[in-house]
Peer 1: 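Quick one: structure below, then a few questions.
We name chains A, B, ... by the order of the sequence lines, and we start the count at 1 in each one.
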Amino acid sequence: MAGKNGAEANLVSCDICETLCSTKDASLTHCPCCGASLHLRDKDSLAKSAAYLLAAAILYIPANLLPVMHTETIFGGQDDTIMSGVLLLLETGSWPLALLVFFASIMVPMLKLFSISLLLLTCWRKSTSNPLPRTQLFRLIEAVGRWSMLDVYVVTVLVALVQFQSLASVHPGGGALAFGAVVVLTMLSAQSFDSRLIWSAIETSHE
Amino acid sequence: MNTSTSPVKQTNIKQTTVKLIVCHECDLICRDLELVVGETASCPRCQAMLYRNSRATLDQALAIAVTSAILLLILNSFPLLTLKVQQATNNTTLFHAALSMWNDGMHAISILVVITTMLAPALQIMMALYVLHSLKFGDPDKAVGAPMRFLQKLRPWSMVEVFMLGLLVSLVKLQHMADIIIGPALWSCAAMICVSAGLTSILTPRNVWVWAHQQSTRRTSAEVRHV
């Protein structure tokens with residue numbers, strides 16, 4: 001029994017308490033131990049994930065082009081996009097910090113958009129190659145995804161703190177909204193992707 | 001883990017002879033082996049962590065949960081940073097930061113900030129306290145499933161550590177233009193990240209069910225003695 005797949009053996013493990021349940025009994029839709037709903041594979045996983053991803057990809061454009069914040073000082077106003085914020089940090093701040101922000105706000109969302117598309121495509125085509133690296137890629141996406149919220153928080157803190165009427169003030173721009181939406185949508189996309197689908201292509205090819 | 005030929009009852013099983021566990025990430029059936037304390041079992045096919053034998057006890061988890069509740073309270077009620085420009089000072093708490101976004105017309109962002117930095121962590125700690133409390137003092141078999149499920153779903157949306165990093169980045173951005181005083185909430189935030197990381201690592205569904213089992217056997221044996 002060990003070494004087979006749960007789906008082949010008609011066994012499903014409860015997501016919450018790890019109780020093994022049989023899928024042969026159709027009336028058993030919830031875990032008898034903790035009451036969580038059971039599902040072998042989420043049927044619409046790929047479609048849901050793709051829908052979130054598409055929405056994120058579209059919003060990724062305004063997120064990068066529109067200013068995330070507007071700074072008003074006695075010397076005049078200034079609009080900052082995500083990239084110009086990074087460049088500003090590079091000039092005034094330190095390069096490690098610029099690198100950090102660049103990584104969290106530009107690299108991670110891009111990496112997520114590309115990687116999830118790659119995973120979705122390979123799962124759609126039922127590809128059997130490199131399942132382990134693909135699983136590891138998915139794990140990486142889930143781990144780093146939330147860190148791109150960094151810029152949204154930076155803008156929030158600056159808007160709250162820098163309010164000195166005539167001297168200086170910071171206001172949020174539309175880019176921040178689009179950027180926040182990209183982060184949430186890519187997180188939802190990764191969450192709706194069922195990583196077991198990477199392996200189910202291999203299961204069927206063995207039969 | 002090699003194939004074994006042990007029979008499996010096709011009902012709602014808790015295996016008695018060979019315990020089995022299905023990998024959450026790749027759906028491989030693995031044998032559920034007893035581990036030495038500190039050891040971790042991972043899936044032989046996709047290398048996902050299956051379970052860990054931690055030494056943590058229910059009392060430790062309860063203590064950590066109470067600690068993070070106190071730290072969360074401090075984080076929410078004191079200023080994070082205070083900014084001094086000439087005579088003017090300006091400080092902000094977590095809620096004020098979200099509120100100022102709202103006042104600037106960014107309602108969606110404001111709600112997002114409230115959810116990810118205030119609501120999700122608070123719910124997480126409340127749920128943890130509820131689960132641990134009912135394990136310790138209530139009926140261990142009841143009322144744990146639903147909150148554990150909710151807790152698992154909530155986990156990715158609590159982003160206090162990302163917020164902390166955001167604070168540090170803003171701190172560097174601001175240090176050129178003003179004097180900054182670090183508020184008590186920032187220290188509390190830092191402490192809470194460590195404490196709740198500890199809580200997350202021991203408040204696993206597996207541990208909760210182990211504790212529930214321990215508590216109910218303890219209770220039955222106590223009742224037997226009483227009779």
Peer 1: Select one option (side chain, backbone, both, neither) describing which atoms of A:L150 are under 4.5 Å from chain B's heavy atoms.
Peer 2: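 Both the backbone and the side chain of A:L150 come within 4.5 Å of chain B.
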Peer 1: If you look at every heavy atom in A:L132 and B:R45, which pair is closest and at what distance?
Peer 2: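 Where A:L132 meets B:R45 most closely, the heavy atoms are CD1-O, 3.6 Å.
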Peer 1: Looking at every non-hydrogen atom in both residues, tell me the closest pair between B:T92 and A:A160 and how far apart they are.
Peer 2: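 Here B:T92 and A:A160 meet closest at OG1-CB, 3.6 Å.
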Peer 1: A:D151, A:T135, A:L97: which one forms the most heavy-atom pairs within less than 4.5 Å of chain B?
Peer 2: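 Sorted descending by pairs with chain B, the first entry is A:L97.
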Peer 1: Would you mind checking which part of A:Q136 comes under 4.5 Å of any heavy atom in chain B, side chain (CB onward), backbone (N, CA, C, O), both or neither?
Peer 2: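 For A:Q136, side-chain heavy atoms alone lie under 4.5 Å from chain B.
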Peer 1: For B:A48, is it the side chain, the backbone, both or neither that has a heavy atom under 4.5 Å from a heavy atom of chain A?
Peer 2: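 Contact with chain A involves both backbone and side-chain atoms of B:A48.
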Peer 1: Given side chain to side chain contact (heavy atoms under 4.5 Å, CB included), test B:I109 with A:V155 step by step and report yes or no.
Peer 2: CA-CA 10 Å; B:I109 299 249; A:V155 173; over 6 Å; no
Peer 1: Other residues, nucleotides and ligands only: do more than 12 of their heavy atoms fall within 6.0 Å of NE2 on B:H96?
Peer 2: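 Counting neighbours around NE2 of B:H96, 12 or fewer heavy atoms of other residues, nucleotides or ligands fall under 6.0 Å, so no.
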Peer 1: Among the options A:L88, A:V184, A:V101, A:T73, pick out the one with the most heavy-atom pairs lying under 4.5 Å from chain B.
Peer 2: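 Going by pairs under 4.5 Å, I would pick A:V184.
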Peer 1: Please name the pair of heavy atoms, one in B:A97 and one in A:T156, separated by the smallest distance, quoted to 0.1 Å.
Peer 2: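 Scanning both residues, the minimum pair turns out to be O-CG2, 3.6 Å.
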Peer 1: Yes or no on side chain to side chain contact (heavy atoms under 4.5 Å, CB included) for B:E161 and A:W147, after CA distance, side-chain angles and deciding distance?
Peer 2: CA-CA 9 Å; B:E161 63 273 36; A:W147 289 97; 3.5 Å; yes
Peer 1: So, does A:R196 use its side chain to make a donor-acceptor pair with the main chain of B:C23 at under 3.5 Å?
Peer 2: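 No; zero donor-acceptor contacts below 3.5 Å.
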Peer 1: Where do A:Q163 and B:N90 come nearest, in terms of heavy atoms and distance?
Peer 2: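 Heavy-atom minimum between the residues: O-ND2, 3.4 Å.
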Peer 1: I need the residue from B:V172, B:L165, B:L151 with the largest number of non-hydrogen atom pairs under 4.5 Å to chain A.
Peer 2: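 Sorted descending by pairs with chain A, the first entry is B:L165.
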Peer 1: Between B:Q47, B:R149, B:M101, which has the largest tally of heavy atom pairs under 4.5 Å with chain A?
Peer 2: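 Answer, by heavy-atom pair count under 4.5 Å with chain A: B:R149.
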Peer 1: For atom CH2 of B:W187, is the number of surrounding heavy atoms from other residues, nucleotides or ligands below 6.0 Å larger than 12?
Peer 2: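 Counting other residues, nucleotides and ligands, CH2 of B:W187 stays at 12 neighbours or fewer.
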Peer 1: Should we count CH2 of A:W124 as having more than 12 external heavy atoms under 6.0 Å?
Peer 2: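 Yes, CH2 of A:W124 has more than 12 neighbouring heavy atoms, counting only those of other groups under 6.0 Å.
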Peer 1: Looking only at heavy atoms, which two atoms of A:L177 and B:A108 are closest? And how far apart?
Peer 2: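 Here A:L177 and B:A108 meet closest at CD1-CB, 3.5 Å.
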Peer 1: Need one label for B:L83: side chain, backbone, both or neither, based on atoms under 4.5 Å from any heavy atom in chain A.
Peer 2: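 Both the backbone and the side chain of B:L83 come within 4.5 Å of chain A.
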Peer 1: So for B:T93, is it side chain, backbone, both, or neither that comes closer than 4.5 Å to the heavy atoms of chain A?
Peer 2: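 Interface part for B:T93: neither.
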Peer 1: At what distance, to the nearest 0.5 angstrom, does CG of B:D104 lie from NE2 of A:H70?
Peer 2: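 Output value for this atom pair is 10.5 Å.
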Peer 1: Chain A: which of B:T117, B:L99, B:T204, B:T116 shares the most heavy-atom pairs with it under 4.5 Å?
Peer 2: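 Top option by heavy-atom pairs under 4.5 Å: B:T116.
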Peer 1: Looking at every heavy atom in both B:E25 and A:S195, which two are closest together, and how far apart are they?
Peer 2: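 What the structure gives for the nearest pair is O-OG, 2.9 Å.
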Peer 1: Rounded to the nearest 0.5 Å, what separation is found between the CG atom of B:N91 and the CG atom of A:L161?
Peer 2: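 Output value for this atom pair is 8.0 Å.
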Peer 1: Kindly check if the number of other-residue, nucleotide or ligand heavy atoms within 6.0 Å of CE (B:M49) is above 12?
Peer 2: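 Atom CE in B:M49 is crowded, with more than 12 foreign heavy atoms closer than 6.0 Å.
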Peer 1: Looking at chain B, which one of A:V159, A:V152, A:I198 has the largest number of heavy-atom pairs inside 4.5 Å, strictly under?
Peer 2: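 Most heavy-atom pairs within the cutoff with chain B belong to A:V159.
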Peer 1: Are the side chains of B:C46 and A:R139 in contact, using a 4.5 Å heavy-atom criterion?
Peer 2: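 Yes, at least one pair of side-chain atoms sits under 4.5 Å.
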Peer 1: Can you say whether B:M106 sits under 4.5 Å from chain A via the side chain, the backbone, both, or neither, judging by heavy atoms?
Peer 2: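 Just the side chain, heavy atoms under 4.5 Å.
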Peer 1: Working note: A:Y153 + B:V162, criterion side chain to side chain contact (heavy atoms under 4.5 Å, CB included); need CA distance, chi angles, decisive distance, verdict.
Peer 2: CA-CA 8 Å; A:Y153 291 141; B:V162 184; 3.9 Å; yes
Peer 1: Considering only heavy atoms, which portion of A:A168 lies under 4.5 Å from any heavy atom of chain B: side chain, backbone, both, or neither?
Peer 2: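 Only the side chain of A:A168 comes within 4.5 Å of chain B.
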